[in-house]
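None of the values given here were measured: they were computed from a predicted structure.
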Amino acid sequence: MITSADLRPAARAFQRLPWKVQMFVVFYLRANRYACTEEERDLAAELVEERIAEHPVEHRDLTAILDRRFPRERL
């Protein structure tokens with residue numbers, strides 16, 4: 001389970017995520033044929049952070065979060 005206590009202080013949203021979640025974000029973007037740019041990684045991280053702020057998130061729910069919220073058009 002990922003909670004707000006797991007987030008680290010950092011300048012970029014992607015860097016604040018725990019490393020396992022960072023790796024998942026990269027995998028998700030690559031698997032869905034995104035370029036995996038810094039902007040895309042940060043956008044995905046911000047979406048995950050928003051959800052974590054609402055309540056703790058299970059690792060298995062990350063795909064559903066990004067499927068629902070990540071834009072289908074390329075950035």
| query | Is the shortest heavy-atom distance from the side chain of Arg51 to the side chain of Arg68 under 4.5 Å? | reply | yes
| Donor-acceptor pair, Asp61 side chain versus Val57 backbone, under 3.5 Å? | no
| task | Can you see which heavy atom on Gln15 is nearest to which on Ala10, and at what distance? | result | CB-CB, 3.7 Å
| query | CD/Glu46 to CG/Leu17 distance, rounded to the nearest 0.5 angstrom? | reply | 10.0 Å
| task | Let me see the working for Leu62 and Ile2 under side chain to side chain contact (heavy atoms under 4.5 Å, CB included), right down to the final yes or no. | result | CA-CA 10 Å; Leu62 292 172; Ile2 308 159; 4.2 Å; yes
| said: Could you measure the distance from the CZ atom of Phe14 to the CG atom of Leu43? Nearest 0.5 Å is fine. | reply: 12.5 Å
| field | Point-to-point distance, once rounded to the nearest 0.5 Å, from OG1 of Thr37 to CG of Leu29 | value | 8.0 Å
| task | Compare every heavy atom of Val26 with every heavy atom of Cys36, then report the nearest pair and how far apart it is. | result | SG-CG1, 3.9 Å
| Atom of Arg30, atom of Ala35 and distance for their closest heavy-atom approach | NH1-O, 4.1 Å
| message | Is there a side-chain contact between Arg69 and Glu50 in this structure, where contact means two heavy atoms from C-beta onward sitting under 4.5 Å apart? | response | yes
| So, Tyr34 versus Phe70, ring centres under 6.0 angstrom or not? | yes
| query | How long is the span from the CZ atom in Arg16 to the CD atom in Gln22, to the nearest 0.5 Å? | reply | 11.0 Å
| query | Heavy atoms, side chains only, cut-off 4.5 Å: are Phe24 and Leu66 in contact? | reply | yes
| Taking it one step at a time, do His59 and Val21 satisfy side chain to side chain contact (heavy atoms under 4.5 Å, CB included)? | CA-CA 8 Å; His59 287 271; Val21 180; 4.2 Å; yes
| Atom pair CD/CD1 of Glu49 and Ile52 - distance to nearest 0.5 Å | 7.0 Å
| Side chains of Pro18 and Leu7 in contact at under 4.5 Å (non-hydrogen atoms) | yes
